[in-house]
**Student:** 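My questions all concern the structure below.
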Amino acid sequence: MIAAYDPAAIERTAREQWESARCFEVDEAPGKEKFYCLTMFPYPSGKLHMGHVRVFTISDVIARYQRMQGRHVLQPMGWDAFGMPAENAAIQRGIPPAKWTYDNIAYMRGQLQRMGYAYDWSREVTTCRPEYYRWEQWLFTRMFRKGLVYRRNAVVNWDPVDQTVLANEQVIDGRGWRSDALVERREIPQWFMKITAYAEELLGELDAMPGWPESVKTMQRNWIGRSEGVELEFPVPGEAGPLTVYTTRPDTLFGVTYMAVAAEHPLALKAAESDPAIAAFVAACRLTDATEATFETMEKKGLPLGIDATHPLTGEPVPVWAANFVLMSYGTGAIMAVPGHDARDWEFAKKHGLPIRQVIAPADGSRIDVNDTVYTEPGVLVNSGRFDGLDFTAAFAALADHFESAGTGRRKINYRLRDWGVSRQRYWGAPIPIVYCGECGAVPVPEDQLPVVLPEEVEFTGVGSPLKDMPAFYETTCPACGRAARRETDTFDTFVESSWYFARYACPDSHDAMLDDRVHYWMPVDQYTGGVEHAILHLLYSRFFQRVMRDEGLVRESEPFTNLLTQGMVLKDGAKMSKAKGNTVDPQELIDRYGADTVRLFMMFAAPPEQALEWSDEGVQGSFRFLKRFWAAVQEHVAGGPAGRVEAGALDEPQKQLRRKTHQTIEKISDDIGRRHAFNTAVAAAMELINAVTRFDDASPAGRAVRHEALEAVVLMLSPIVPHICDALWRALGRAGALIDQPWPDFDPAALAQDTIELVVQVNGKLRGRVAVAAEADKDTVIEQALSDPNVQRFVAGKSIRKTIVVPGRLVNIVV
RNA sequence: GCCCGGGUGGCGGAACCGGUAAACGCUGCGGACUUAAAAUCCGCUGGGAGCAAUCCCUUGAGGGUUCGAGUCCCUCCCCGGGCACCA
């Protein structure tokens with residue numbers, strides 16, 4: 001009688017063994033090749049969801065596989081512990097954010113341990129602890145001294161009823177989520193980090209990052225958005241200064257028929273003083289939230305200001321409009337409009353009856369009418385005076401030279417990337433270490449007074465940050481002059497914590513420095529895994545912080561993550577699992593019913609990691625069924641007593657076939673996991689081999705040896721995915737020593753050799769037959785054999801053969 | 001609106017560099033075992049024609065390149081992610 005598969009008992013045994021031996025705690029071993037395997041750390045939202053289980057399993061499979069490759073593997077875990085949900089819990093349920101967060105962490109840590117992830121828990125990092133955030137406060141003060149941070153006014157969503165700043169997520173259809181009031185844009189002073197100082201480097205280095213997906217690199221390139229253009233001036237008669245605009249198309253300058261300025265632009269504000277219609281327009285433009293998606297999709301509106309600018313080349317008057325699609329905070333707050341050759345300008349001109357002038361003609365000489373269709377391609381200049389006939393490159397150079405020599409313009413490289421606003425008007429975050437003094441201005445908190453500790457005992461009113469009502473927090477003295485001063489009550493964007501945690505895992509207990517020498521051993525991260533939704537912001541901020549730390553002498557490398565894997569979401573009924581949609585599946589229930597291995601296996605089998613994964617309860621049962629079959633196959637085999645070694649020269653044909661399948665499978669799974677991260681096809685290949693073993697009915701010593709080899713290979717190769725059951729089966733197969741320290745199996749090329757191979761025969765590209773040919777047969781022999789197939793003859797007979805194509809080892813195509 | 005992905009049987013997916021479309025699994029149907037149920041095992045399972053051999057059709061839609069296209073190019077449709085204060 002064979003013991004049934006009992007996941008609960010097996011998993012407990014394996015877990016206790018790993019924990020008591022501290023299998024996953026690693027130190028720095030300079031002689032050994034290290035592998036730093038990292039997952040984007042979770043926000044402690046309450047309990048694990050399926051998205052967590054998926055990403056952590058992917059990373060754990062890679063970590064365990066790399067360990068079997070002989071590498072010294074670090075896989076740490078921690079908590080991105082600051083954020084809005086903790087404040088919402090405090091408002092809704094009266095639980096202090098700190099308690100709510102620490103309770104969630106304790107519960108989720110237990111769930112992670114139950115999943116059997118190979119984490120070094122001795123390195124756990126929790127970002128809401130002062131011993132962590134003191135170092136980002138420290139780095140901020142260093143950046144302050146270098147001029148890498150500055151303070152300026154910036155736009156926020158303002159809820160006029162609650163009198164508070166709203167996150168974009170808290171604005172629903174232009175209204176505050178609690179008050180339902182129309183949200184306004186409002187400018188308040190905020191701290192910025194100069195990520196633009198690194199724009200060129202962040203862009204250029206992308207070309208030397210083969211371990212990142214092309215799609216992510218393309219998104220980052222487009223986000224940074226480098227453009228080469230010309231900044232030039234349009235004089236405005238009667239005004240103090242000219243209108244300065246930036247354009248990447250100076251070749252279209254003769255096509256300018258109007259200008260547009262932001263509603264907040266001084267020219268618009270001045271006109272509003274005497275014109276009620278303009279004043280109303282300016283007021284209406286404030287009533288929108290601050291997101292780019294809203295801005296780009298809203299109806300384009302504008303009003304003429306009754307002012308003309310002067311065209312810098314023709315001297316003609318050009319009307320100036322105020323428009324809602326020009327923002328004061330981007331560029332100069334003014335644009336030149338070329339409706340003939342810019343799609344947005346064209347639509348606006350059509351709507352308001354503004355003239356459209358063609359100044360570019362297609363290079364191929366074809367005729368166009370810009371009054372019917374906008375023409376945005378580069379071409380040859382027409383209607384452009386002495387610049388007529390020039391192409392884009394020549395016109396760009398000639399016009400840029402003209403303005404530079406006249407002193408009214410200059411070549412300029414622009415970036416779409418904007419500096420990173422890090423101020424948040426919220427409580428549950430790391431305090432920004434600044435003191436405002438009436439005499440000295442903004443003064444960074446000195447190193448010996450860090451950390452600025454966030455008080456964890458607070459009263460929540462639900463509106464605004466409690467820190468603003470806590471004199472004990474904000475009343476202080478100026479570190480420079482000693483006078484009474486006021487502490488900054490804004491906290492950091494939580495992206496600040498997640499921009500450097502990966503380095504802190506190398507030395508989480510470092511009390512005297514942000515990072516110590518251990519970071520040189522572990523960094524950079526060899527494999528980083530996380531959601532594709534972080535492709536831009538988190539990953540770009542981390543690349544920026546890595547460079548700031550490099551320039552502080554804290555780390556050596558410029559890039560923090562050598563290889564990046566972005567995993568897809570977990571969906572149910574075609575939609576992302578979320579509480580709001582009510583389509584969540586609690587992983588804990590499944591772990592309790594089937595065990596962690598079944599959940600891990602389903603996650604890896606159901607879809608490739610980069611793709612969205614459709615949840616299926618039946619699929620989970622299928623994974624459980626496979627583990628039961630796997631368990632039974634090994635138990636039945638070992639019930640027959642010990643098996644001997646394979647004697648490769650003394651096998652019959654079925655034994656050779658099973659052995660070939662075993663070694664083909666080792667080759668395939670090694671490639672699937674090691675190179676492709678195609679865990680789904682790796683599992684499918686393991687299933688095929690177990691199916692072959694189950695059908696293989698041979699109790700002879702040679703047969704048992706071949707079967708033993710196959711089962712041992714599957715146990716080793718599935719162990720990164722389902723480590724608990726494999727640990728038990730490894731011992732069942734009579735092997736001593738911990739499975740996690742076994743080397744990954746090698747395949748024997750000699751076992752793959754085949755005498756004959758089957759080729760597909762096509763006639764005119766359509767499948768017409770199959771032939772078995774000798775493995776070393778030459779082209780003529782292959783064609784001769786292909787033509788001898790009766791079905792192929794039916795399609796070739798009576799026709800002349802025009803061409804034959806032989807793809808070695810695959811197919812023959814006969815073209816008639 | 002802009003940027004990045006994706007669309008293949010009833011379902012999840014496979015097909016890696018342009019070379020057998022649908023591996024593996026799920027579901028469903030039929031059968032075995034059982035007093036019965038569960039579990040397990042065996043067989044079939046893209047559509048159509050045919051007794052069969054075999055043939056025709058099929059990878060969101062339409063066009064193109066090629067001996068050959070799910071894969072490459074162009075146009076379009078739909079779904080998802082991101083758009084700087086969700087994390």
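All heavy atoms count here, side chains included; hydrogens, waters and symmetry mates do not. On a predicted model such as this, the values are computed, not experimentally measured, just so you know. Chain identifiers are assigned alphabetically (A, B, ...) following the order of the sequence lines, protein sequences preceding nucleic acid strands; residue numbering begins at 1 within each chain.
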**Student:** Using purine N1 to pyrimidine N3 plus N6-O4 or O6-N4 for Watson-Crick, or N1-O2 and O6-N3 for G-U wobble, each under 3.5 Å, what pairs with C83(B)?
**Tutor:**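 Pairing partner, where one exists within any strand: G1(B).
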
**Student:** I'd like to know whether the aromatic ring centres of Phe502(A) and Tyr528(A) sit less than 6.0 Å apart in this structure.
**Tutor:**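 No, the ring of Phe502(A) stays outside the 6.0 Å limit from the ring of Tyr528(A), centre to centre.
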
**Student:** For Phe605(A), report the nucleic acid contact type (base, sugar-phosphate, nothing); a contact means any heavy atom under 4.0 Å.
**Tutor:**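 Base, at least one base atom sits under 4.0 Å.
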
**Student:** Does C56(B) have OP1 or OP2 sitting under 4.0 Å from an N or O in the side chain of Arg768(A)?
**Tutor:**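 Looking at the OP1 and OP2 atoms of C56(B), one of them is under 4.0 Å from a side-chain N or O of Arg768(A).
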
**Student:** What's Val165(A) touching, base or sugar-phosphate or nothing? Going by heavy atoms closer than 4.0 Å.
**Tutor:**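 Base contact.
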
**Student:** When you measure from the side-chain N and O atoms of Asn691(A) to the phosphate of G25(B), is any distance below 4.0 Å, counting only OP1 and OP2?
**Tutor:**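 Affirmative; the distance criterion is met.
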
**Student:** Using a heavy-atom cut-off of under 4.0 Å over every strand shown, decide if Glu292(A) touches base, sugar-phosphate, or nothing.
**Tutor:**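 Base contact.
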
**Student:** Using a 4.0 Å heavy-atom cut-off across all strands, classify Gly531(A) as base, sugar-phosphate, or nothing.
**Tutor:**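 Here Gly531(A) touches no strand at all.
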
**Student:** Just say parallel, tilted or perpendicular for the rings of His538(A) and His534(A), cut-offs at 30° and 60°.
**Tutor:**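 Geometry flag for His534(A) against His538(A): perpendicular rings.
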
**Student:** Mind checking whether Tyr43(A) and Trp100(A) have parallel, tilted or perpendicular rings, split at 30° and 60°?
**Tutor:**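 If you compare the ring of Tyr43(A) with that of Trp100(A), the planes turn out tilted.
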
**Student:** Any base atoms under 4.0 Å from Leu571(A), or only sugar-phosphate, or nothing? Heavy atoms, all strands.
**Tutor:**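 Since no nucleic acid heavy atom lies under 4.0 Å of Leu571(A), the category is nothing.
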
**Student:** Considering just the side-chain nitrogens and oxygens of Lys668(A), establish if one lies under 4.0 Å of OP1 or OP2 belonging to A14(B).
**Tutor:**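 For A14(B), neither OP1 nor OP2 has a side-chain N or O of Lys668(A) closer than 4.0 Å.
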
**Student:** What distance, rounded to whole Å, do you find between the two P atoms, one in U54(B) and one in C4(B)?
**Tutor:**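 Roughly 48 Å separates the two P atoms.
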
**Student:** Using a 4.0 Å heavy-atom cut-off across all strands, classify Val760(A) as base, sugar-phosphate, or nothing.
**Tutor:**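 Here Val760(A) touches the bases of the nucleic acid.
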
**Student:** For Lys300(A), report the nucleic acid contact type (base, sugar-phosphate, nothing); a contact means any heavy atom under 4.0 Å.
**Tutor:**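 Contact class for Lys300(A): none.
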
**Student:** Is the distance between the ring centroids of Tyr541(A) and Trp420(A) under 6.0 Å?
**Tutor:**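 Between Tyr541(A) and Trp420(A), which both carry aromatic rings, the centre distance is below 6.0 Å.
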
**Student:** Can you find an N or O donor on one side and an acceptor on the other, under 3.5 Å apart, linking the side chain of Gln425(A) with the base of C85(B)?
**Tutor:**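 Present.
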
**Student:** In terms of base orientation, is C33(B) syn or anti, with the syn window spanning 90° either side of 0?
**Tutor:**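 Anti for C33(B); the angle lies over 90° from 0.
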
**Student:** Given that both distances must come in under 3.5 Å, which nucleotide forms a Watson-Crick or G-U wobble pair with G19(B)?
**Tutor:**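 C67(B) - that is the nucleotide pairing with G19(B), both distances being under 3.5 Å.
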
**Student:** Can a donor-acceptor pair under 3.5 Å be found between the side-chain atoms of Arg802(A) and the base atoms of C67(B)?
**Tutor:**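 Flag unset: no donor-acceptor pair detected.
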
**Student:** Establish, with yes or no, whether the OP1 or OP2 oxygen of U27(B) is under 4.0 angstrom from a side-chain nitrogen or oxygen of Arg625(A).
**Tutor:**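 True: Arg625(A) side-chain N/O within range (under 4.0 Å) of U27(B) OP1/OP2.
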
**Student:** Quick one: label Phe795(A) by what it contacts on the DNA or RNA (base, sugar-phosphate, nothing), any heavy atom closer than 4.0 Å.
**Tutor:**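 Here Phe795(A) touches the backbone only, sparing every base.
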
**Student:** Any donor-acceptor pair under 3.5 Å joining the side chain of Asn222(A) to the base of C3(B)?
**Tutor:**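 A donor-acceptor contact between them is absent.
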
**Student:** When we call it a touch if two heavy atoms are under 4.0 Å apart, what does Val156(A) touch: a base, just sugar-phosphate, or nothing?
**Tutor:**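 The answer is base, as Val156(A) lies within the cut-off (heavy atoms under 4.0 Å) of a base atom.
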
**Student:** With a 4.0 Å limit, can you tell me whether Asn791(A) has a side-chain N or O closer than that to the phosphate oxygens OP1/OP2 of C55(B)?
**Tutor:**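 Yes.
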
**Student:** Report the relative orientation of the aromatic rings in Trp500(A) and Tyr132(A); use parallel for angles under 30°, tilted for 30 to 60°, perpendicular for over 60°.
**Tutor:**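 Plane angle under 30°, so parallel.
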
**Student:** If anything within 90° of 0 is syn and all else is anti, what is G9(B)?
**Tutor:**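 Classified syn.
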
**Student:** Is there a Watson-Crick or G-U wobble partner for A52(B) with both distances under 3.5 Å, and which nucleotide is it?
**Tutor:**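 Pairing partner: none.
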
**Student:** Which whole number of Å gives the distance between the P atom of C79(B) and that of C73(B)?
**Tutor:**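 C79(B) and C73(B) have their P atoms separated by 24 Å.
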
**Student:** For G60(B) and G7(B), measure between their P atoms and round to the nearest Å.
**Tutor:**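 Between the two P atoms, the distance is 8 Å.
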
**Student:** With both distances kept under 3.5 Å, what pairs with C24(B), Watson-Crick or G-U wobble?
**Tutor:**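 C24(B) is paired, partner G12(B).
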
**Student:** Can you tell me if Thr218(A) touches the phosphate of C4(B), counting only side-chain N or O atoms and a distance under 4.0 Å to OP1 or OP2?
**Tutor:**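 Thr218(A) to C4(B) OP1/OP2: no side-chain N or O under 4.0 Å.
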
**Student:** Which is true for Pro42(A) with a 4.0 Å heavy-atom rule: it touches a base, it touches only sugar-phosphate, or it touches nothing?
**Tutor:**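 If one applies the 4.0 Å heavy-atom cut-off, Pro42(A) turns out to touch nothing in the nucleic acid.
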
**Student:** Looking at Gln190(A) and C85(B), is any side-chain donor or acceptor paired with a base atom of the opposite kind under 3.5 Å?
**Tutor:**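 Pair found.
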
**Student:** Heavy atoms under 4.0 Å, any strand shown: does Ala612(A) hit a base, just sugar-phosphate, or nothing?
**Tutor:**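 Ala612(A): backbone/sugar contact only, no base atoms under 4.0 Å.
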
**Student:** Roughly how many Å is it from CH2 in Trp615(A) to C1' in G12(B), rounded to a whole number?
**Tutor:**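 My rounded result for the distance is 12 Å.
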
**Student:** Once you apply a heavy-atom cut-off of 4.0 Å, does Arg695(A) come out as touching a base, just sugar-phosphate, or nothing?
**Tutor:**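 Answer is nothing: Arg695(A) stays at 4.0 Å or more from every strand.
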
**Student:** Checking all strands, does Phe626(A) fall into the base, sugar-phosphate, or nothing category for heavy-atom contacts under 4.0 angstrom?
**Tutor:**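 No contact.
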
**Student:** Would you tell me whether Thr665(A) and Thr662(A) have side-chain atoms, one donor and one acceptor, within less than 3.5 Å of each other?
**Tutor:**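 Per modelled atom types, Thr665(A) and Thr662(A) side chains form no pair under 3.5 Å.
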
**Student:** Looking for any heavy atom pair under 4.0 Å, which part of the strands does Glu497(A) touch: base, sugar-phosphate only, or nothing?
**Tutor:**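 Nothing, no heavy atom under 4.0 Å.
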
**Student:** Counting Watson-Crick and G-U wobble pairs only, both distances under 3.5 Å, name the nucleotide matched with U75(B), or none.
**Tutor:**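 Across any shown strand, U75(B) pairs with A61(B).
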
**Student:** Examine the base of U20(B) for any acceptor or donor lying under 3.5 Å from a partner atom in the side chain of Arg810(A), and report the outcome as yes or no.
**Tutor:**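 Answer no: no donor N or O sits under 3.5 Å from an acceptor.
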
**Student:** For the residue pair Thr164(A) and Asp162(A), confirm or rule out a side-chain donor-acceptor distance under 3.5 Å.
**Tutor:**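 No, no side-chain donor-acceptor pair sits under 3.5 Å.
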
